Protein chains: 2
Amino acid sequence: MPDPTHSVDPVQLGAYFALIEVSGLLRHAIDQQLREDGDLTFVQFQVLMRLDQSPTGSHRMTDLADAIVHSRSGLTYQAGLLEKAGLITRAPSPDDERGVTVSVTEAGRALIGQVLPGHEAVVGRMLFDPLSRDDARTLARLLTPVRDHMRASAPRSATPRRRRGT
Amino acid sequence: MPDPTHSVDPVQLGAYFALIEVSGLLRHAIDQQLREDGDLTFVQFQVLMRLDQSPTGSHRMTDLADAIVHSRSGLTYQAGLLEKAGLITRAPSPDDERGVTVSVTEAGRALIGQVLPGHEAVVGRMLFDPLSRDDARTLARLLTPVRDHMRASAPRSATPRRRRGT
DNA sequence: TAGACGTGCTTCGATTTCGAAGCAAGTAGA
DNA sequence: TCTACTTGCTTCGAAATCGAAGCACGTCTA
């Protein structure tokens, strides 16, 4: 049975609220910069970034969706837009015929290069201006285990089957 | 002109990515719990919470929108739903006839009471299980100034219409 | 007091998002 | 091999979100 003493003390509440606010404000600022610099949404940018960073320049749809914390149907929609814009290609996965492998195109990489400086500038200013180098290291040290813990406890496709539980 | 050397080092990048992922995963988990326990979205919950926490039980629309980092039109939409559900009331502000003052109803407070334990359980488990008390304090210490800095630099309704003042 | 401008909220249209249902390809057991 | 069951993605319909435009009230200045 789950520990019933999972109440949230004031300090935790402050951290939680600050986290939610910071991520919301940061997302808005990023969205605006990306739109101005390259007519991209944050989701689209994240897709291109993940592909760009991959050694092969490609990923499966499901892996992408999980990586950027987005629904599968939402990713299908965005992949359609990105493909139409010539920034990615979609092809059946070689090893599993029902899988789809997404790859960045040269145009996609070029666009990343175009928006990345502005992106880093915004993140640097908004998020890291008030933080020292040590602070940034500490933040990473705190959040990385949290991320891993979350990924471990809420593994795949959101709702793992729900019955009459209401 | 802002400092052009605002590049992001690997440590910062890790912190940034972890922050985005954590907030996304957390939001999804919260959304699901709120829907199951009280048929609320996270945005609606935040509105009710802010009102519930207010000494007067009410807020102006604009203040609410800023507090929860949401567009004004989006808040209008949600306020319509919440009012229809009898969880809030809307009335012209006493001191400014064009303003709208939103207040929680008893039903609204009751619903908050209904979903809050589950909410705290989710936040406690997902966010604070991997963190010690000191870690939580540190997280708050890091993120609070960031939040304040963001709020200070991107003040009101998104683009403040650069006038001659800039 | 009048005209011009600023502010607070809502309406509108377009886009994005999600979950559920659907479909095709893989897998396991008889 | 046949027949379920699983898995990976897309389609579909409903809902949420945003920015721009609109409207009504406030404020300032002459």
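Everything quoted here is computed from the prediction, not taken from an experiment. So you know, we letter chains A, B, ... as the sequences are listed, proteins then strands, and number each from 1.
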Length of the line joining B:Asp63:CG and C:dT7:C1', which is rounded to integer Å:
13 Å

Which hydrophobic side chains are connected to B:Leu81, either touching it within the sub-4.5 Å cutoff or through other members that do?
B:Tyr77

Between A:Arg72 (CZ) and D:dT7 (P), how many Å, whole number?
11 Å

Tell me whether B:Val11 shares a hydrophobic cluster with A:Met49, the cluster being built from Ile, Leu, Val, Met, Phe, Trp, Tyr side chains joined at under 4.5 Å.
no

Terminal helix-axis angle for the helix from C:dT1-D:dA30 to C:dA30-D:dT1, with five pairs defining each axis and rounding to 10 degrees
20°

Send over the distance from A:Asp66 CG to D:dT7 C1', rounded to a whole Å.
13 Å

Answer yes or no: is there a side-chain heavy-atom contact under 4.5 Å between A:Val102 and A:Ser58?
no

Apply side-chain hydrogen bond (donor to acceptor under 3.5 Å, both in side chains) to the pair B:Ser132 and B:Asp135, showing each step before the final yes or no.
CA-CA 5 Å; B:Ser132 70; B:Asp135 288 341; 3.2 Å; yes

Of all heavy-atom pairs between B:Thr89 and B:Thr105, which one has the smallest distance, and what is that distance?
CG2-CG2, 3.7 Å

Which protein N or O atoms sit under 3.5 Å from an N or O of nucleotides 14-17 of chain C?
unit_1, atom_1, unit_2, atom_2, d
C:dT16, OP2, A:Tyr77, OH, 2.6
C:dT17, OP2, A:Gln78, NE2, 2.4

Does any residue of residues 82-97 of chain B have a heavy atom under 4.0 Å from DNA chain C, and if so, which ones, in number order?
B:Arg90

Please list, by residue number, the residues of residues 55-62 of chain B whose heavy atoms come closer than 4.0 Å to an atom of DNA chain C; answer none if no residue qualifies.
B:Arg60, B:Met61, B:Thr62

Please compare B:Leu75 and A:Leu75 by the position of their nearest nucleotide in DNA chain C and report the one closer to 5'.
B:Leu75

Given C:dT7, D:dT6, C:dT10, the nucleotide with the shortest approach to the side chain of B:Arg98
C:dT7

Go through the steps for A:Leu139 and B:Leu143 under the test side-chain contact (heavy atoms from CB on, under 4.5 Å), then give the verdict.
CA-CA 9 Å; A:Leu139 190 60; B:Leu143 290 181; 4.1 Å; yes

Quick one, A:Thr101 with A:Ser93, criterion side-chain hydrogen bond (donor to acceptor under 3.5 Å, both in side chains). Give me CA distance, side-chain angles, the key distance, then yes/no.
CA-CA 5 Å; A:Thr101 295; A:Ser93 300; 2.8 Å; yes

Can you name the closest pair of heavy atoms from B:Gln114 and B:Pro117 and give their distance?
O-CD, 3.8 Å

Starting at the 5' end of DNA chain D and moving along, which residue's nearest nucleotide shows up first, A:Ala79 or A:Arg35?
A:Ala79

Residue pair B:Thr41 / B:Gln46, side-chain heavy-atom distance below 4.5 Å:
no

Considering non-hydrogen atoms only, spot the tightest contact between B:Ser54 and B:His59 and give its length.
CB-NE2, 3.6 Å

Using 4.0 Å as the upper bound for N to carboxylate O, is an ion pair formed by A:Asp66 and A:Arg72?
yes

Strictly below 4.0 Å, N to O, side chains only: are B:Arg50 and B:Asp63 in salt-bridge contact?
no

Pairs of donor and acceptor atoms involving the side chains of residues 13-27 of chain A, under 3.5 Å and at least two apart or interchain, shall be tabulated with distances.
unit_1, atom_1, unit_2, atom_2, d
A:Tyr16, OH, B:His119, NE2, 2.9
A:Glu21, OE1, B:Arg151, NE, 3.2
A:Glu21, OE1, B:Arg151, NH2, 2.5
A:Glu21, OE2, B:Arg147, NH1, 3.1
A:Ser23, OG, A:Leu19, O, 3.2
A:Ser23, OG, A:Ile20, O, 3.0

